[in-house]
K.L.:
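The structure under discussion is supplied below as structure tokens; questions concerning it will follow.
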Amino acid sequence: MAALEENIHWIIIAVIVLCVFLYAIVVIITILKRKMRVRDASREIALLKMDLLSKQAHLENLIEDSVQWSPRDLKDYDRTLEDQRIMKSKLDTGTVISDSKVKRLELGNETYELFETLEKIRKYEDKLYGEGVLDKGG
């Protein structure tokens, strides 16, 4: 009995540590369950979105199939498609041209900066070695 009274504080500390450990395990399990529920819910939402998109596409197909096109409407539609194709090719051509001009401008700017740096180096060399010394003999 005397040994029990002497070690009672160690027993209390062990019980407290055990309680903290069990509480930590419960908290970790709760967090993991929540993460799993969120993951499952996001998967279900993604599936519902895909289902909605497929139904929307099916509805659009049904709407397109239900429309009666007149010959005049078909000609207008064909002209519109042709105009779109032409505009797209013009846009692509313009993009290629503008890209090449931008590259040329960037190269010109870099060249100008390099020549400015070269001129600064020449001025610095002239200050160090005297004017024209390195131009003659190198």
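FYI, the numbering just counts along the sequence from 1.
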K.L.:
Which residues pass the salt bridge (Lys or Arg N to Asp or Glu O under 4.0 Å) test with K103, sequence neighbours left out?
P.N.:
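Residues passing salt bridge (Lys or Arg N to Asp or Glu O under 4.0 Å) with K103: none at all.
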K.L.:
With a 3.5 Å cut-off and sequence neighbours excluded, list the donor-acceptor pairs that the side chains of residues 30-48 form with protein atoms.
P.N.:
from, atom 1, to, atom 2, distance (Å)
T30, OG1, V26, O, 2.8
S42, OG, V38, O, 3.4
S42, OG, R39, O, 2.8

K.L.:
Suppose the criterion is salt bridge (Lys or Arg N to Asp or Glu O under 4.0 Å): which pairs have a residue in residues 78-97, not counting sequence neighbours?
P.N.:
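As it turns out, the salt bridge (Lys or Arg N to Asp or Glu O under 4.0 Å) pairs with a partner in residues 78-97, which skip direct neighbours, are D76-R79, E82-R85, K88-D92.
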K.L.:
Just so I know, are the side chains of L74 and P71 near enough to count as touching, which here means a heavy-atom distance under 4.5 Å?
P.N.:
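A side-chain contact under 4.5 Å is absent here.
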K.L.:
To the nearest 0.5 Å, what is the distance between CG on N7 and CD1 on I13?
P.N.:
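Here the interatomic distance stands at 11.0 Å.
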K.L.:
Quick one: do R122 and D126 make a salt bridge, cutoff under 4.0 Å?
P.N.:
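No, no charged N to carboxylate O under 4.0 Å.
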K.L.:
What's the spacing between Y23 OH and I28 CD1 if we round to 0.5 Å?
P.N.:
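Reported to 0.5 Å precision, the distance equals 11.5 Å.
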K.L.:
Remaining members of M87's ILVMFWY cluster at a side-chain heavy-atom cut-off under 4.5 Å?
P.N.:
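Its cluster mates, by chain and number: none.
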K.L.:
Does H9 NE2 have over 12 foreign heavy atoms under 6.0 Å away?
P.N.:
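Counting neighbours around NE2 of H9, more than 12 heavy atoms of other residues, nucleotides or ligands fall under 6.0 Å, so yes.
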K.L.:
What pairs with E119 under salt bridge (Lys or Arg N to Asp or Glu O under 4.0 Å), at least two apart in sequence or on another chain?
P.N.:
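With neighbours one apart ignored, the set is empty.
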K.L.:
So, taking the atom named CG in L105 and the one named NZ in K101, what distance separates them when rounded to the nearest 0.5 Å?
P.N.:
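So the gap between those two atoms works out to 9.0 Å.
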K.L.:
Between atom CG of D73 and atom OG1 of T80, what is the distance when rounded to the nearest 0.5 Å?
P.N.:
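Atom-to-atom, D73:CG and T80:OG1 are 10.0 Å apart.
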K.L.:
Treat each ILVMFWY residue as a node, draw an edge where side-chain heavy atoms are under 4.5 Å apart, and state whether L53 and L62 are in one component.
P.N.:
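L53 and L62: separate clusters.
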K.L.:
To the nearest 0.5 angstrom, please state how far the CD1 atom of I97 sits from the OG atom of S100.
P.N.:
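The OG atom of S100 is 6.5 Å from CD1 of I97, to the nearest 0.5 Å.
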K.L.:
Nearest 0.5 angstrom please: L118 CG to E116 CD, how far?
P.N.:
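Spacing of CG (L118) from CD (E116) equals 11.0 Å.
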K.L.:
What pairs with T95 under side-chain contact (heavy atoms from CB on, under 4.5 Å), at least two apart in sequence or on another chain?
P.N.:
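In terms of side-chain contact (heavy atoms from CB on, under 4.5 Å), with neighbours along the sequence ignored, T95 is linked to L91, D99.
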